[in-house]
Colleague: 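Quick one: structure below, then a few questions.
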Amino acid sequence: SATAASVPGVSKSQIVLGMQLPQTGGASPGYNKIDDAARAYFDYVNSKGGVNGRNIKLVVKDDEYKAGRTITTARELINNDKIFAFFGSVGTQTHLSVVKDINRRGIPDLFVNSGYSGFYTDPKKYPNTFGGLGTYTVEAKILGKYLKEKYPDKKIGILWQSDDFGRNALAGLAASGLKFEARKTSASFVAGTHGSIGLGTQIGQLKANGVDIVIIAAVSSATAVAYATAAALAYKPTKWAVISVGADATTFQTILGARGTAPATSAALLAGTITASHAPAAGDADDEYIKAFKKINDDFNNGADKRWDNNVLQGMNIAYLATSALLGVGKKLTRPKLVSYLKKNGSKLSSAAFSPIGYSGTTHEAFTGFWLGEYDASLVLKPIDGTRVVYTTDSANGPVTVSNYKRPAIAADALPRVG
Amino acid sequence: MNSSQLALSNLSVSFGGVKALTDVSLTVPKNSVVGLIGPNGAGKTTVFNCISGLVKSDSGSFEFDGVKRAFPKPHELVGLGITRTLQGVGLFNDLSVLQNVMVGADKKYRPNFVKEILGLSGKTEANLVRRAEEALAWVGGASLIGREPSELSYPDSKRVALARALVTNPTLLMLDEPAAGLGQDDIDSLAVLIRQLKKRCAILIVEHHVDFVREISDSVSVLNFGKLIASGTYDEVKQNPAVIEAYLGHSDKSDENSKLGA
Amino acid sequence: MSKVKTHKVIGFRSTRLAIIFFVFILLLSMKFGPYNQFQLANIATLLIAVLSITLLTGASGQISLGQGAIMAVGGYSAALLVTRLEISMWLAFVLAIFVSALFGLFLGLAAARLSGPYLAGTTLVMALAIPSIAIRFDSFFSGDIGFSVDYGYPPDWLTNLLGEITIEEWSLYVALPFAALSLFAVLNLSNTRSGRTWRAVRDNEVAASLAGINIARTKIIVFVCSSALAGLAGAIYGFRGLVAPSVYPTDLSLLLLTAAVIGGLRSIGGAIFGTFVIVFLPDVIERVTKFLELPETISIYLPALMIGLLLLLTVILNPRGSAGALEHIRHRHKH
Amino acid sequence: MNSFLTAFFAGTSQGAIYALVSLGLVLVWRGAGVVNFAQMGQAMFTTYIASQLIQNEYSYWSAFVIALISGALLGALVDLGIMRPLSSRKNSQLLNSQSMRTTVPVIASLGILGVLKALAGIFWAGEERGFPAPVPTTGLRLGNSDLAITGFDLFVIGVVFLALVLTTIFFTRTGMGLAMRASALNPEVTRLSGIRVGSVRTLSWAISGTASSLAGLLVTPKTNLSPNTLDLLLIIGFTAAVVGGLTSLAGSVLGGFILGYVIAFVNVYSAPENVFLAILIFLLLALFLRPQGILGSKEVRRV
Amino acid sequence: MLKVANLVTEFASIKALNDISFQAKPGRITTVIGANGAGKSTLLRTISGLERPTSGSIKWFDEELTDKSVEAIVRSGVAQVPEGHAVISQLSVAENIELGGLFRKRQARGDLEIATKEVYELFPILFERRREPAGSLSGGERQMLAISRALVARPKLLLLDEPSLGLAPLISAQIISIVDQLCKSTGLTVLLVEQNANTALAVADHGILLALGKVVADLPAKELIADSALRAAYLGY
Ligand SMILES: Nc1ncnc2c1ncn2[C@@H]1O[C@H](COP(=O)(O)OP(=O)(O)OP(=O)(O)O)[C@@H](O)[C@H]1O
Ligand SMILES: Nc1ncnc2c1ncn2[C@@H]1O[C@H](COP(=O)(O)OP(=O)(O)OP(=O)(O)O)[C@@H](O)[C@H]1O
Ligand SMILES: [Mg+2]
Ligand SMILES: [Mg+2]
């Protein structure tokens with residue numbers, strides 16, 4: 001029909017989504033599982049008849065986490081693959097290079113895998129861009145408030161990677177009243193150098209200044225190196241608290257495991273670490289969403305590495321969200337319709353997350369709530385003190401409050417329901 | 001006074017422990033050919049290197065065209081009016097013969113950089129080409145213009161190197177072993193060329209080919225262990241026992257040879 | 001004596017070649033869809049950077065592994081000028097040339113003393129250090145967030161003239177004139193005294209200095225010229241969407257070098273060819289892998305593998321690059 | 001423990017690693033006349049082999065030995081497959097200027113690096129993984145205080161100095177060492193002296209391949225293993241070699257430690273964001289004062 | 001006995017050696033003369049394996065040298081002093097000399113020491129400068145070093161390409177006479193290339209005149225010296 005032909009990426013039988021992420025290169029480890037997980041979920045949806053009779057096709061481009069490359073792959077997705085919408089782009093710096101262009105062209109930019117609040121907090125600037133994570137600021141605020149109240153007399157320090165992620169986390173912690181002093185309680189490193197330059201001096205500084213509680217705002221591989229370095233320096237802080245990006249237990253154990261650390265030992269290292277999550281813990285085998293997603297992952301994931309972890313969960317979850325949004329728009333699918341649907345109804349969409357979606361007229365942040373947990377000895381993230389409390393706040397200076405959001409149950413067929 | 005093109009006095013150079021030159025004084029009068037001879041390692045090339053700024057002297061003074069000045073830097077030579085050929089050949093392999101000679105001329109007839117970027121330097125270029133062709137013709141290499149250095153025979157490449165030196169119209173030409181490796185034929189024509197060149201400039205030559213030196217030089221200076229041991233015309237110097245001892249040897253074989261060659 | 005005549009028309013010859021390039025790309029763009037038009041814009045942009053390497057490494061024998069960092073200098077200058085002083089993008093590009101030329105002057109002052117591996121190492125460290133300045137002084141350079149800048153919209157007179165212009169076409173129209181002008185300038189330089197001087201220095205420094213060439217100054221001039229080009233390329237490259245450290249990674253420098261080598265370090269035609277290769281090869285490989293239905297685990301690494309292999313094959317089989325191969329064949333025919 | 005000691009110990013232990021990398025680079029430079037930018041690529045590749053073996057339940061030391069052997073083979077392969085054809089007769093005529101002769105192998109080594117990285121990606125999916133150390137990586141204790149230095153650090157320092165002594169003796173005191181240096185400097189004269197230049201160069205690539213492999217095995221316990229993690233290490237190691245003097249083995253080790261300290265002290269007393277800038281400034285300064293590097297010898301070339 | 005038969009060596013399109021045949025008697029000096037570009041250096045380089053002949057054969061007594069590698073040829077007792085001052089400038093003088101005898105190190109350590117001492121006696125300046133890099137030597141000193149490097153290999157066949165190039169007359173005469181003595185005392189066979197024919201022919205047993213890659217005269221040295229017509233035609237004097 002005439003209308004279908006005029007919408008790029010949408011035909012009678014198909015909806016094409018495009019994703020850019022580092023599949024190769026230094027920034028790829030971990031993230032390169034997100035696309036396979038999302039595709040697995042879409043394949044599952046397709047196997048169930050698709051969305052309104054249309055199959056979802058996910059086209060993936062490797063941008064190697066180089067912004068210069070992202071610009072080219074985005075043009076390829078737009079012009080050659082004729083995608084209907086961008087979906088799940090990974091990375092702040094890379095996405096920055098194309099977000100303006102995508103919005104200018106009116107292409108929906110769904111569920112961006114970046115916690116950088118700059119993408120979401122000014123919907124007038126980027127009307128088509130919608131988050132796929134909680135922002136670093138929100139998470140850090142929640143974590144900071146908790147630590148400050150729980151450990152009023154302890155010396156709290158931070159190890160952060162000096163990029164947008166680290167800086168956002170620092171800003172969030174500052175908003176919660178946690179301030180750090182350079183060269184005393186604040187140790188930073190250039191992102192990506194934890195291997196070659198090492199974290200010896202940074203950890204050494206924290207130790208020398210008697211920091212009791214160390215917050216880590218860094219990627220998972222750096223977290224693993226930080227723990228190992230601390231062990232080598234015989235530094236045992238009372239508590240570690242890790243921003244969720246760097247708290248992937250699987251990565252942690254893989255790296256230390258391959259270093260010859262027995263799983264039990266590395267588990268003991270990580271056990272007791274505090275981190276936050278908007279979604280259920282990947283290791284929470286009893287969670288209904290996890291169960292359903294895991295099954296789909298087993299059956300449909302054709303990726304190189306389909307081991308279940310936070311990245312796979314995230315990929316599945318945003319695919320679930322995308323499916324609900326597409327279902328919600330209905331049969332007559334156009335780009336403006338999708339965008340306005342998300343603006344109006346986004347906050348009603350449900351997913352595996354224990355947090356509501358934050359989309360509104362003033363922000364396009366996805367998950368505004370986090371719950372805090374501690375890794376137990378088997379490296380499952382368990383709510384602190386046994387009961388899960390979801391806190392919510394905004395990316396600015398708003399207060400941290402307890403959320404009363406109730407996550408809807410997942411349907412038996414693991415497909416989203418809308419309306 | 002003003003008849004000396006180059007006057008060096010009390011030149012001393014040492015490399016670490018090696019005293020390469022001690023108190024050497026040397027004058028090259030205008031329009032004359034001075035030969036610098038001496039055993040291996042006597043310091044001849046070092047004298048050249050000092051004049052051309054490749055080696056820093058410990059002491060000594062430099063007077064060119066009656067004007068005292070500091071020893072020049074290598075790239076300043078051409079501006080002063082001095083050119084030097086290298087032991088061996090020293091052509092630029094990636095440039096054609098013509099371009100090789102043009103490089104020599106570039107310094108004197110420097111075009112404007114902006115004009116060059118804008119592609120407006122054609123006139124200057126044509127001028128350079130003309131001069132290069134003239135210089136090549138001078139040394140008898142007019143036929144070599146379109147060739148590449150790698151295709152040239154040894155004497156021909158020496159010829160091109162000489163053209164590159166001459167294209168700047170030097171007032172002092174320094175030749176380091178120009179006859180080495182050349183056949184008698186080419187040595188003879190080189191001698192002819194040098195006698196002609198003498199009308200245009202002063203020439204300082206280092207050479208072990210003593211017959212050649214005798215034939216072309218107005219005077220010779222003899223170095224031994226970095227010291228000047230004799231100077232005068234070749235025939236005067238040849239009699240000097242110190243020179244015989246250090247350099248020529250007692251059996252005056254080379255003279256016999258030259259009789260054969262002449 | 002035909003040589004004399006060619007020299008008189010240096011300007012004409014390079015004008016002609018630059019126009020041929022310009023028209024060729026334009027004609028090609030008319031055959032192409034928007035994505036490939038954008039790739040052509042990339043070619044035009046990167047060609048300027050590759051030419052900067054052709055000048056530096058090809059003509060004067062100085063290796064730089066940090067050309068991407070100089071591009072960053074150009075990119076940041078233009079972006080700062082546009083965002084802070086709100087001057088026009090075009091003027092910013094031109095000023096970026098001067099800023100990066102100035103940078104090249106400082107770089108040249110340091111680099112003129114170095115050669116071979118020492119220079120390679122220094123420029124490599126530079127490739128790492130320059131972008132980190134943006135993070136170090138993030139209040140001024142806005143850290144790794146960088147500046148979102150783009151070519152904006154085509155002016156009205158152009159749309160009136162040509163009708164609707166897509167974003168991709170506009171990218172091409174912005175980059176292409178600069179590429180043609182750079183080509184023109186580089187052709188002029190390499191065919192006249194400067195090019196001769198540079199090659200002489202590359203071949204034999206002592207002989208060159210005795211021929212009156214100031215070696216240090218010549219090397220500095222080459223760095224200035226090369227940096228000016230790289231800076232211009234960097235500015236145009238940055239205005240594709242973002243000027244930030246992640247746009248100018250170390251790999252970019254190496255990719256440019258690869259292009260210059262594959263085409264032939266000493267040849268301008270080679271620079272064009274090499275740029276085409278690095279821009280289009282990933283697309284070609286993508287097609288092939290789709291066709292062969294290679295698993296993703298292999299296909300995602302294939303472009304990097306192919307570029308590496310191509311580089312190796314080039315240096316082994318013909319270190320003068322593809323342009324060198326052509327030259328070789330021409331020579332054969334002459335004999 | 002105060003900041004100074006923190007920086008000192010961190011600088012020492014990182015410096016040993018940089019020294020190892022830098023020593024390997026100088027080894028190829030003196031043995032084959034090439035700056036091998038693929039060195040850490042070779043290290044990465046052979047360490048992956050070791051890692052794979054360990055995952056398949058081989059013991060650490062057997063994996064270690066096999067990795068060293070594969071390092072030697074890979075080095076020899078690089079020479080036979082790439083560097084030797086590169087300096088073949090035909091090509092040496094094409095590359096008739098000195099600058100091109102040093103430039104082209106550098107470019108080739110960059111190509112090798114790219115290929116090795118891509119292959120590692122294909123074989124091992126490019127994930128970042130750890131790698132075990134042969135000795136404990138926990139901090140040493142002196143009396144009652146913890147030292148910020150581990151047994152492993154001491155092990156690496158020991159290996160570095162042992163390697164330095166052995167290679168120095170090898171290069172300066174043995175005929176083979178002389179033959180290697182000569183082959184790298186002037187193949188024709190060396191061949192005319194009856195030395196099998198081809199085999200000697202292949203051997204020196206094999207030795208340097210083994211050294212790279214050793215470096216890989218000893219740096220990855222601290223840096224982790226992925227196709228890319230070692231890139232930065234190469235750059236730092238190279239800077240160390242240049243600062244110390246590319247022609248001097250002792251200089252390269254010295255340069256490695258100096259760089260370790262520069263980085264550590266900038267980290268502690270300034271900010272990590274300044275590290276790269278500091279490296280650049282330090283490098284420029286060092287080269288300004290001594291263009292041939294601290295212990296490097298100036299080349300005497302006469303006309 | 002060195003036997004060269006129908007040797008052809010080509011570069012790109014020119015035949016630098018065009019069907020060369022001659023013999024060099026053992027224990028004697030055979031001098032090769034000819035104008036620039038006649039092919040003298042190419043002849044020596046082909047014999048020592050640095051150039052590959054297109055056809056023809058080179059035999060050293062019963063040993064076929066034609067398709068051997070340079071290293072193998074050197075190891076079978078052939079040493080060459082190539083044209084121009086072929087030394088490794090970054091290595092020290094002593095190392096350059098050591099290099100020449102390196103391949104004999106296993107069998108003849110004692111003799112190497114003697115040979116080294118001999119060349120130091122021959123060229124005392126080299127002994128004085130033995131720790132300096134060879135690059136710092138003067139042109140003539142480098143030539144002495146190149147000759148020394150060849151001598152310590154104790155060759156049976158010595159190929160000398162313009163050894164007098166850049167040497168003072170005294171020294172070059174001295175070298176020629178040393179070579180002459182070596183032939184007489186040790187049975188060394190020498191193929192001597194010289195631009196300046198007379199001194200070289202004076203000590204030679206046989207003379208070979210090359211022109212444009214061909215042998216135009218192969219005579220006892222005395223006859224060649226005497227034949228001024230031939231020399232005038234090919235050498236210009
Ligand atoms: N850079 C240097 N380092 C150390 N010694 C040097 C250097 N340059 C020259 N010498 C020494 O200084 C002395 C003079 O050398 P020079 O080259 O001037 O001699 P020459 O007279 O040109 O000899 P030849 O006729 O052999 O070329 C020689 O003993 C040489 O070894
Ligand atoms: N590598 C090469 N490539 C091409 N041509 C060459 C090569 N080497 C020599 N030739 C050519 O072969 C011919 C013979 O050269 P050769 O060097 O053997 O002459 P020669 O008799 O030794 O001369 P000279 O007295 O100048 O040393 C010359 O025409 C020369 O140009
Ligand atoms: Mg000399
Ligand atoms: Mg010869």
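The sequence lines fix the lettering, A, B, ..., with proteins before strands; numbering per chain opens at 1.
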Colleague: Taking all non-hydrogen atoms of both residues into account, name the closest pair between E:Glu141 and B:Gly41 and its distance.
Modeller: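 Smallest heavy-atom distance, with atoms named: OE2-CA, 3.4 Å.
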Colleague: For a quick test of reading the model, state the closest non-hydrogen atom pair linking E:Ala168 to B:Gly38 and the distance between them.
Modeller: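 Smallest heavy-atom distance, with atoms named: CB-O, 4.4 Å.
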Colleague: Between atom CZ of B:Phe15 and atom CZ of E:Arg129, what is the distance when rounded to the nearest 0.5 Å?
Modeller: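 Rounded to the nearest 0.5 Å, the CZ-CZ separation comes out at 9.0 Å.
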Colleague: Output all residues satisfying side chain to side chain contact (heavy atoms under 4.5 Å, CB included) with B:Ile187, sequence neighbours left out; order by chain, then residue number.
Modeller: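 With sequence neighbours excluded, B:Ile187 shows a side chain to side chain contact (heavy atoms under 4.5 Å, CB included) to B:Ala179, B:Leu182, B:Gln184, B:His209, B:Phe212, given in chain and number order.
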Colleague: What is the minimum heavy-atom distance between E:Leu170 and B:Glu245, and which atoms define it?
Modeller: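 Between these two residues, the closest heavy atoms are CD2-O, 3.8 Å.
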Colleague: Among all residues two or more places apart in sequence or in another chain, which pass the side chain to side chain contact (heavy atoms under 4.5 Å, CB included) test with E:Val215?
Modeller: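 For E:Val215 the side chain to side chain contact (heavy atoms under 4.5 Å, CB included) partners, ignoring immediate neighbours, are E:Ile20, E:Ile208, E:Leu210, E:Asp218.
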Colleague: With only heavy atoms counted, which part of E:Ile125 is less than 4.5 Å from chain B, the side chain, the backbone, both or neither?
Modeller: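 Neither part.
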Colleague: For E:Leu212, does the CG atom have more than 12 heavy-atom neighbours from other residues, nucleotides or ligands under 6.0 Å away?
Modeller: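 Count not over threshold, so no.
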Colleague: Highest number of heavy-atom pairs under 4.5 Å with chain E: which of B:Pro39, B:Ser153, B:Pro155?
Modeller: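 Result: the option with the highest number of such pairs is B:Pro155.
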Colleague: Given 3.5 Å as the limit, does a donor-acceptor pair link the side chain of E:Asn36 with the main chain of B:Gly181, or not?
Modeller: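 Yes, E:Asn36 side chain to B:Gly181 backbone: donor-acceptor pair under 3.5 Å.
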Colleague: When you measure from the side chain of B:Asn40 to the backbone N and O of E:Ser138, does any donor-acceptor pair fall under 3.5 Å?
Modeller: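 Side chain of B:Asn40 to backbone of E:Ser138: no pair is present.
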Colleague: Name the region of B:Val206, side chain, backbone, both or neither, that has any atom closer than 4.5 Å to a heavy atom of chain E.
Modeller: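 When you check distances to chain E, no heavy atom of B:Val206 falls under 4.5 Å.
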Colleague: Heavy-atom count check: over 12 atoms from other residues, nucleotides or ligands less than 6.0 Å from E:Phe22 CZ?
Modeller: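 Above 12, so yes.
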Colleague: Would you say that more than 12 heavy atoms from the other residues, nucleotides or ligands in this model lie under 6.0 Å from the NZ of B:Lys198, or not?
Modeller: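 Counting neighbours around NZ of B:Lys198, more than 12 heavy atoms of other residues, nucleotides or ligands fall under 6.0 Å, so yes.
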Colleague: Please state whether the side chain, the backbone, both or neither of B:Asp186 comes within less than 4.5 Å of a heavy atom of chain E.
Modeller: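 Contact with chain E: side chain only.
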Colleague: Give the C-alpha distance, both sets of side-chain angles, the deciding distance and a yes or no for side-chain contact (heavy atoms from CB on, under 4.5 Å) between E:Leu165 and B:Glu177.
Modeller: CA-CA 10 Å; E:Leu165 191 75; B:Glu177 303 199 20; 5.9 Å; no
